[in-house]
Peer 1: 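Sharing a structure below in structure tokens format, with a few things to ask.
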Amino acid sequence: MLQVPVLREQTDLVLKGLEKRNFKNAAQEIQAILDLDQKRRSLQTERDELLGRANALAKEIGGLMKSGQKEQAEQLKSETADLKQRTKSLDEEVQQLEHDLQQALYKIPNIPHESVPAGKSAEDNEVVLEHGTIPALPENAQPHWDLIKQYDIIDFDLGVKITGAGFPVYKGQGARLQRALINFFLDEALQAGYAEVQPPIVVNEASGYGTGQLPDKEGQMYHATADNLYLIPTAEVPITNLYRDEIIPEGALPIKNVGYTPCFRREAGSWGADVRGLNRLHQFDKVEIVQIQSPEKSYAALEEMSQHIQGLLQKLELPYRVLRLCGGDMGFTSALTYDMEVYSAAQGRWLEVSSVSNFETYQANRLKLRQRTEGGKPQLLHTLNGSALALPRIVAALLENNQTPEGIKLPKALHRYTGFEMITR
């Protein structure tokens, strides 16, 4: 979340950023926060003054008692009791104001980086680059939802039987392709200097608030209400929360972690052609890269992460493009996001397979993730993450783009992971 001093001291900059996001009633929301903060600080000052007066009286009472002036001491004790009662009342008011202030701050999204284009929807995103050649398929080319039936590698009906729609069963060469992609992505990240972690796939409420899934996206997460735990929508949540309430030692940066997890998303309200087959699932596999960086190096790290993800797509021999998301299409917590899309030839459309984002201090402020510099106060760090990669649409594009009469050819980079070069009947 944004820091109150930033809202107070850079109000015009904040409002300009929120305007780029098309955030409604920004001025009123910010003013309400500043009013709450002003009231909180005033009451805090009043409480501190009362505590100071009570401490002074305590010393005075001690002196009176030693000198035998008990009557005067008792009078001051009565005043001290009244001060303590007033201080307790102020404590309760300050705590309530702090809670209200926190809840109000949760509703304000991050401020976009200056390079983020203005816009209201995905149509306004900026194409940064395109790479590769879109394959020319024969007229009888099939979309992946037909290919998976033809080759019997993914079964949606069995998933419906076991769980429900959006929970596919991977079979035979389909299951082996899943495992191959996960291992390939993990190995590539390890070679790029990331340390592998295997985090829990359910998280508590504090973790959800720490990375900004709560209260913004609670409707999209599966909630185990009996224990108040959430199935993760992305490994970003548990991996970043490894560092919640931590002060990172000087010299320990950058922190670079990678993890594979299944991910769970309710996808409430999703419908239409873009949800068919593997295009949109409730459960899917993803490898995530996460970095903790110093503020002055975080944007260089973002470009490095983008290049890493592009390198994966190049090795998979998939045509792709990179988009810089506009203010109206960015995630709530992000300051700058690049989306990576691969071209799905049989569908004739681009499919998002990765988002890589810099959150600047937005998550770190929620997480209380800081670094103490030599001789200085702890400073908030920058957090970044990216999908490297999400599997379903990668699989969709691999199947569609590489279909032949003999079978589905796999890119050379995967051969040693799958143990086969082609998916066949």
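Just so it is clear, the structure is predicted and the values come from calculations on it, not from any experiment.
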Peer 1: Given 3.5 Å as the limit, does a donor-acceptor pair link the side chain of Ser42 with the main chain of Gln38, or not?
Peer 2: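 Answer holds: yes.
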Peer 1: Side-chain contact, heavy-atom cut-off 4.5 Å: His308 with Glu304?
Peer 2: no
Peer 1: Are the side chain of Arg21 and the backbone N or O of Gly328 linked by a donor-acceptor pair below 3.5 Å?
Peer 2: no
Peer 1: Please tell me whether Glu360 and Tyr299 have a donor and an acceptor in their side chains that are separated by less than 3.5 angstrom.
Peer 2: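 Result is yes, a qualifying pair exists.
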Peer 1: What residues, two or more places apart in sequence or in another chain, satisfy side chain to side chain donor-acceptor pair (under 3.5 Å) together with Asp216?
Peer 2: none
Peer 1: Taking atom types as modelled, find out whether Tyr417 and Asp187 have a side-chain donor-acceptor pair closer than 3.5 angstrom.
Peer 2: yes
Peer 1: Keeping the roles fixed (side chain from His282, backbone from Phe167), state whether a donor-acceptor pair exists under 3.5 Å.
Peer 2: no
Peer 1: Apply side chain to side chain donor-acceptor pair (under 3.5 Å) to Asn228 and list each qualifying residue two or more places apart in sequence or on a separate chain.
Peer 2: His223
Peer 1: Please lay out, stage by stage, how Lys161 and Asp157 fare under the test salt bridge (Lys or Arg N to Asp or Glu O under 4.0 Å).
Peer 2: CA-CA 6 Å; Lys161 175 183 178 180; Asp157 292 336; over 6 Å; no
Peer 1: So does Ser354 get a backbone contact from the side chain of Ser387, meaning a donor-acceptor N/O pair under 3.5 Å?
Peer 2: no
Peer 1: Between Tyr209 and Tyr106, is a ring pair (Phe, Tyr, Trp, His ring centres under 6.0 Å) present by the stated rule, with each step listed?
Peer 2: CA-CA 9 Å; Tyr209 274 96; Tyr106 283 148; 5.0 Å; yes
Peer 1: For the residue pair Asn257 / Tyr243, report whether a side-chain donor-acceptor contact shorter than 3.5 Å exists.
Peer 2: yes
Peer 1: Would you say Asn279 and Gln347 are linked by a side-chain donor-acceptor pair, where the criterion is simply a distance under 3.5 Å?
Peer 2: yes
Peer 1: Looking at Phe420, does the NZ or CZ of Arg176 lie under 6.0 angstrom from its six-membered ring centre and within 45 degrees of the ring axis?
Peer 2: no
Peer 1: Treating Arg266 as the side-chain partner and Gly219 as the backbone partner, does any N or O pair qualify as donor plus acceptor under 3.5 Å?
Peer 2: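 Here the side-chain-to-backbone pair exists.
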Peer 1: When you measure from the side chain of Glu352 to the backbone of Glu341, do you find a donor-acceptor pair of N or O atoms at a distance under 3.5 Å?
Peer 2: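 No, Glu352 side chain to Glu341 backbone: no donor-acceptor pair under 3.5 Å.
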Peer 1: With no hydrogens and no angle check, do the side chains of Tyr194 and Gln291 hold a donor and an acceptor under 3.5 Å apart?
Peer 2: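 Present: a donor and an acceptor within the cut-off.
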Peer 1: Would you mind telling me which of Phe185, Phe284, Tyr170 makes a side chain to side chain contact (heavy atoms under 4.5 Å, CB included) with Leu391?
Peer 2: Phe185
Peer 1: If I compare all heavy atoms of Pro254 with all of Gln293, which pair ends up nearest, and what's the gap?
Peer 2: CB-NE2, 3.2 Å
Peer 1: Check this for me: Gln31, atom CD, are more than 12 non-hydrogen atoms of other residues, nucleotides or ligands nearer than 6.0 Å?
Peer 2: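 More than 12 within 6.0 Å, yes.
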Peer 1: Once side chain to side chain donor-acceptor pair (under 3.5 Å) is applied, do any residues pair with Glu188, and if so which ones, sequence neighbours excluded?
Peer 2: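 Side chain to side chain donor-acceptor pair (under 3.5 Å) check on Glu188 returns Lys315.
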Peer 1: Would you kindly say whether Asn358 and Ser298 are connected by a side-chain donor-acceptor distance under 3.5 Å?
Peer 2: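 Yes, side-chain donor-acceptor contact under 3.5 Å.
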Peer 1: Report yes or no: do Asp100 and Gln96 form a side-chain donor-acceptor pair below 3.5 Å?
Peer 2: yes
Peer 1: Go through the side-chain N and O atoms of Glu130 and Tyr320 and say whether any donor and acceptor fall under 3.5 Å apart.
Peer 2: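 Not at all, the side chains of Glu130 and Tyr320 share no donor-acceptor pair under 3.5 Å.
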Peer 1: Please tell me whether Ser121 and Asp329 have a donor and an acceptor in their side chains that are separated by less than 3.5 angstrom.
Peer 2: no
Peer 1: Determine all donor-acceptor pairs shorter than 3.5 Å in which one atom belongs to a side chain in residues 2-13; sequence neighbours excluded.
Peer 2:
| from | atom 1 | to | atom 2 | distance (Å) |
| --- | --- | --- | --- | --- |
| Arg8 | NH1 | Asp37 | OD2 | 2.7 |
| Thr11 | OG1 | Leu7 | O | 2.6 |
| Thr11 | OG1 | Arg8 | O | 3.4 |

Peer 1: I'd like to know if the side chain of Asn365 reaches the main chain of Met1, judged simply by a donor and an acceptor atom lying under 3.5 Å from each other, with no hydrogens or angles considered.
Peer 2: yes
Peer 1: With distance as the sole criterion, is a donor-acceptor pair present between the side chains of Asp48 and Thr45 under 3.5 Å?
Peer 2: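 On atom types as modelled, these side chains do not qualify, holding no pair under 3.5 Å.
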Peer 1: Taking atom types as modelled and ignoring hydrogens, do the side chains of Asp91 and Gln95 form a donor-acceptor contact shorter than 3.5 angstrom?
Peer 2: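 Note: Asp91 and Gln95 side chains miss the donor-acceptor criterion.
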Peer 1: Without swapping roles, check the side chain of Gln403 against the backbone of Gln142 for a donor-acceptor pair under 3.5 Å.
Peer 2: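 Pair found, side chain donor or acceptor close to backbone of Gln142.
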Peer 1: Arg244 and Asn241: side-chain donor and acceptor closer than 3.5 Å?
Peer 2: yes
Peer 1: Side chains of Gln363 and Glu236: donor-acceptor distance under 3.5 Å anywhere?
Peer 2: yes
Peer 1: Name all residues meeting the side chain to side chain donor-acceptor pair (under 3.5 Å) criterion together with Arg53; count only those two or more places apart in sequence or in a different chain, and write none if there are none.
Peer 2: Glu79
Peer 1: Applying salt bridge (Lys or Arg N to Asp or Glu O under 4.0 Å) to Lys368 and Asp245, what does each step give before you reach the verdict?
Peer 2: CA-CA 5 Å; Lys368 294 182 174 59; Asp245 299 320; 5.3 Å; no
Peer 1: Does any donor atom in the side chain of Lys286 or Thr234 lie under 3.5 Å from an acceptor atom in the other side chain?
Peer 2: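 Side chains of Lys286 and Thr234: pair found under 3.5 Å.
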Peer 1: Please check: side-chain N/O of His131 versus main-chain N/O of Arg321, any donor-acceptor pairing under 3.5 Å?
Peer 2: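 Not a single qualifying donor-acceptor pair exists.
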Peer 1: Would you say the side chains of Gln85 and Ser89 form a donor-acceptor pair under 3.5 Å?
Peer 2: no
Peer 1: Identify, with sequence neighbours excluded, every residue that meets side-chain contact (heavy atoms from CB on, under 4.5 Å) alongside Glu46.
Peer 2: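 Testing Glu46 for side-chain contact (heavy atoms from CB on, under 4.5 Å), a comparison that skips the adjacent residues, returns Leu43, Leu90.
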Peer 1: Using modelled atom types and a 3.5 Å cut-off, is there a donor and acceptor pairing between side-chain atoms of Asn401 and backbone atoms of Pro135?
Peer 2: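 Not at all, since once roles are kept as given, no pair shorter than 3.5 Å links the two residues.
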